[in-house]
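All of these numbers come straight from a predicted model, not from anything done at the bench. Naming convention: chains lettered A, B, ... in sequence-line order (proteins, then strands); numbering from 1 in each chain.
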There are 2 protein chains.
Amino acid sequence: MFNQFRNKFPLDDSKWIEYTDCFKRLEVPSKTILLKEGEISKKLFIIEKGCIRVWFNNNGKDLTTQFFFENQSVASIESFMKKSPSPASIETIESSILWWISKNDLDKILSEIKEIPQLRDRFIDMIFERTFDYMKYFVSFIKDSPTQRYLSLIEERPQILQRIPQHYIASYLGITTVHLSRIKSKLLHRK
Amino acid sequence: MFNQFRNKFPLDDSKWIEYTDCFKRLEVPSKTILLKEGEISKKLFIIEKGCIRVWFNNNGKDLTTQFFFENQSVASIESFMKKSPSPASIETIESSILWWISKNDLDKILSEIKEIPQLRDRFIDMIFERTFDYMKYFVSFIKDSPTQRYLSLIEERPQILQRIPQHYIASYLGITTVHLSRIKSKLLHRK
DNA sequence: AAGATTTGATAACAAATGTTATCGTCTGTG
DNA sequence: CACAGACGATAACATTTGTTATCAAATCTT
């Protein structure tokens with residue numbers, strides 16, 4: 001699982017083994033809740049196989065804000081960094097194989113690798129990228145109609161359309177399943 | 001203008017003078033465009049007096065995403081950091097007194113102060129805070145109705161209600177001025 | 001102070017989106 | 001194989017929000 005990263009990091013072997021030993025394997029069925037809204041996020045997950053969504057509960061309706069697939073890492077970042085209650089839940093969509101690391105272990109690793117300047121800068125860049133991603137989401141949500149957002153999904157993240165059940169996609173687009181059905185049917189008949 | 005920060009930074013006097021000399025004063029009337037959509041952001045502004053909005057042009061309609069007041073700093077961050085065309089414009093709302101620093105000068109200062117660990121960590125924290133702010137905006141937009149968003153504005157940022165013309169507020173809430181009028185009138189008559 | 005511009009309210013109508021209910025299909029499980 | 005539950009389409013109706021137009025008040029300019 002981690003060998004793909006092995007030669008990207010200038011660490012000696014003993015450190016490398018110490019770090020990778022911090023990760024534990026976890027196999028779970030679909031619809032497993034990995035973090036519940038209100039809890040404090042103490043684990044960072046990496047997906048070996050499967051997919052995961054992050055969602056908010058709003059008066060019983062759920063609102064999905066992100067999907068994650070193989071090789072991506074998932075946590076409720078704000079909760080994870082600040083030890084505050086998570087505003088969102090994290091849940092598997094398919095049955096999945098995951099690896100997780102505790103916040104304690106990750107903190108230790110991060111404080112050590114921050115001394116390596118190129119990794120430190122890389123880390124800062126990553127945080128910026130995350131910020132810019134949120135900006136993009138935000139702007140698209142308030143600028144574009146649901147139809148436009150659906151079309152961009154088709155263009156930019158076809159994997160979502162293929163693997164994710166439609167009611168989660170509707171929730172991701174911020175609309176009801178009924179409305180998503182209407183959008184699809186309109187697009188079909190116009191062609 | 002900068003003396004309020006003087007004792008927060010462990011810099012010797014010559015460095016302090018060198019750094020503050022990088023800032024230039026600028027006095028502008030209202031509705032001055034400081035950065036145009038599509039341009040590359042090369043200046044970071046700090047507001048001594050006045051207020052500023054950041055907005056996107058979407059098919060002629062504008063969509064305001066942020067307001068800034070006294071003592072806040074403003075730039076199209078993504079454009080500023082990555083030297084990419086800015087997706088947003090920056091414009092004064094009131095006539096304003098500003099201080100600005102060029103990206104070159106700021107980069108020089110940042111690379112120097114990053115060597116001071118506590119400032120470096122502070123800088124990383126600031127970036128995280130910015131990320132969390134965007135998350136909050138984003139979530140509120142997709143979770144709450146315009147009426148709820150308007151009520152939160154009253155609660156959390158009354159300054160905006162007092163100083164900002166209503167059509168910019170409507171644009172900030174993602175609705176038309178007509179609809180904002182309706183919301184206000186409904187709230188009034190219900191009380 | 002007169003006229004122009006900006007700002008905000010309101011009404012009438014149109015378009016987008018939500019709600020509820022029904023039905024058919026698919027899929028997994030016993 | 002049968003059946004329950006999940007998933008998706010569609011219709012009818014309700015609600016929200018946008019569009020266009022008009023008017024009044026406030027503010028700015030000269």
>> K49(A): which residues meet the salt bridge (Lys or Arg N to Asp or Glu O under 4.0 Å) condition with it, sequence neighbours left out?
In response: E70(A)

>> Could you tell me the boundaries of the chain A footprint on DNA chain C, defined by atoms under 4.0 Å from its heavy atoms?
In response: dT17(C) to dT20(C)

Set out, line by line, the N/O atom pairs under 3.5 Å between protein and nucleotides 24-30 of chain D.
none

>> Per the salt bridge (charged side-chain N to carboxylate O under 4.0 Å, His left out) rule, what does the pair list look like for residues 80-89 of chain A, sequence neighbours excluded?
In response: E78(A)-K82(A), K82(A)-E129(B)

> What residues form a side-chain contact (heavy atoms from CB on, under 4.5 Å) with T20(B), not counting sequence neighbours?
Replying inline: F2(B), W16(B)

> For residues Y172(B) and Q66(B), is any side-chain donor paired with an opposing acceptor at under 3.5 Å?
Replying inline: no

Could you list the donor-acceptor pairs under 3.5 angstrom formed between side-chain atoms of residues 25-36 of chain B and any protein atom two or more places apart in sequence or on another chain?
from   : atom 1 : to     : atom 2 : distance (Å)
R25(B) : NH2    : E27(B) : OE1    : 2.8
T32(B) : OG1    : P29(B) : O      : 2.6

>> Can you list, by chain and residue number, the hydrophobic cluster partners of I97(A) when the side-chain cut-off is 4.5 Å?
In response: none

> With E18(B), which residues qualify under side-chain contact (heavy atoms from CB on, under 4.5 Å), at least two apart?
Replying inline: K15(B), K108(B)

>> Please report the end-to-end axis angle for the helix from dA1(C)-dT30(D) to dG30(C)-dC1(D), five pairs per end, rounded to 10 degrees.
In response: 50°

>> D144(B): which residues meet the side-chain contact (heavy atoms from CB on, under 4.5 Å) condition with it, sequence neighbours left out?
In response: S140(B), Q148(B), R149(B)

> For the atom pair CG (L44(A)) and CD1 (I101(A)), what is the distance rounded to the nearest 0.5 Å?
Replying inline: 7.5 Å

>> I'd like to know if the side chain of S79(A) reaches the main chain of S41(A), judged simply by a donor and an acceptor atom lying under 3.5 Å from each other, with no hydrogens or angles considered.
In response: yes

> Where along residues 156-184 of chain B does a heavy atom fall under 4.0 Å from DNA chain C?
Replying inline: P165(B), Q166(B), H167(B), V178(B), S181(B), R182(B), K184(B)

> Is a side-chain donor or acceptor of S76(A) paired with a backbone partner of S86(A) at a separation under 3.5 angstrom?
Replying inline: no

>> Just to verify, what does S95(B) make a side-chain contact (heavy atoms from CB on, under 4.5 Å) with, not counting sequence neighbours?
In response: none

